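Being a predicted model, the structure only gives us computed values, none of them experimental.
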Amino acid sequence: MSLLFIDKLSFSYQKNTVLRELCLRMESGGRVGILGPSGCGKSTLLRLISGLERPGAGNIEIDDQIVSGTRWVPPHIRAVSMVFQTPALWSHITVEKTLKLIEPDDNRCCEMLERLSIQDLRNRRPGELSYGEVRRVAIARALLRPHSLLLLDEPLTNLNRELKGEILALIIELTRREKSGLIYVTHDETELTNLVDTVYHMYGGMLHEH
């Protein structure tokens, strides 16, 4: 069964073509890395898959069901979880409450906090966290949300090498255990080592296999 099938996807922004008949197929549990310069359309592709943008043409299927194109499924119903390039956390609630909105199980929340070394931050709000800590909370939230496809948009920016290694190991472990698919967007090709099965370069509004 195909986890994700993108057929001739096109998208323009203010008359500028961003994606041009882009195609991609991922099988269940597949892991894809996407490289490319800023502004080439990597983030736009993830936003289209998640349902935050609507395509100008083409279809997106998730779990063999059309979610964008001839049919429209809103983001909160799609089996997709995403870490944005700029973490988007609710400023008025604590880290713990943020995670419990996604996962009410205390044990799972505590385990995730510990695995990401942010267990001591559970009672803080985003304004009391460093940028790297906010990023880890966003990753925790995405990993806890039920999904069959995980989208990560430059998730490890401004984290040190040791912490990057720990988080990448966690992502590998959880995606394999849950048999969820993964699309990982980055500028740093070294982050893709042992993480993905296939690497694409994005240019000209299309994906080209590495």
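- Cluster partners of Ile93 are Trp90, Leu101, counting Ile, Leu, Val, Met, Phe, Trp and Tyr whose side-chain heavy atoms approach within less than 4.5 Å, directly or via other members.
- In this structure, a donor-acceptor pair under 3.5 Å is absent between the side chains of Asp188 and Thr186.
- Arg125 places no side-chain N or O within donor-acceptor distance of the main-chain N or O of Ser91, the cut-off being under 3.5 Å.
- Within 6.0 Å of the CZ atom in Arg20, the count of heavy atoms belonging to other residues, nucleotides or ligands does not exceed 12.
- Once rounded to the nearest 0.5 Å, the distance linking CD1 of Ile34 with SG of Cys40 reads 8.5 Å.
- For the residue pair Ser2/Arg25, the side-chain donor-acceptor check at 3.5 Å is satisfied.
- Side-chain atoms of Glu21 and Ser10 form no donor-acceptor pair, as typed in the model, at a separation below 3.5 Å.
- Taking CD1 of Ile172 as the reference point, atom OG1 of Thr193 lies at 9.0 Å (rounded to 0.5 Å).
- With 3.5 Å as the limit, one finds a donor-acceptor pair spanning the side chains of Asp63 and Ser148.
- With 3.5 Å as the limit, one finds no donor-acceptor pair spanning the side chains of His147 and Glu178.
- Between Glu96 and Arg122 a salt bridge is recorded (basic side-chain N to carboxylate O distance below 4.0 Å).
- Note: Glu191 CD to Leu152 CG = 10.0 Å, rounded to the nearest 0.5 Å.
- A donor-acceptor pair shorter than 3.5 Å can be found between the side chains of His210 and His201.
- Side-chain N/O atoms of Thr94 and Asn123 include no donor and acceptor closer than 3.5 Å.
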* **side-chain contact (heavy atoms from CB on, under 4.5 Å) between Glu173 and Leu168, intermediate numbers included** => CA-CA 9 Å; Glu173 174 191 334; Leu168 287 170; over 6 Å; no
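- Shown here is Asn160, whose CG atom has more than 12 heavy atoms of other residues, nucleotides or ligands within 6.0 Å.
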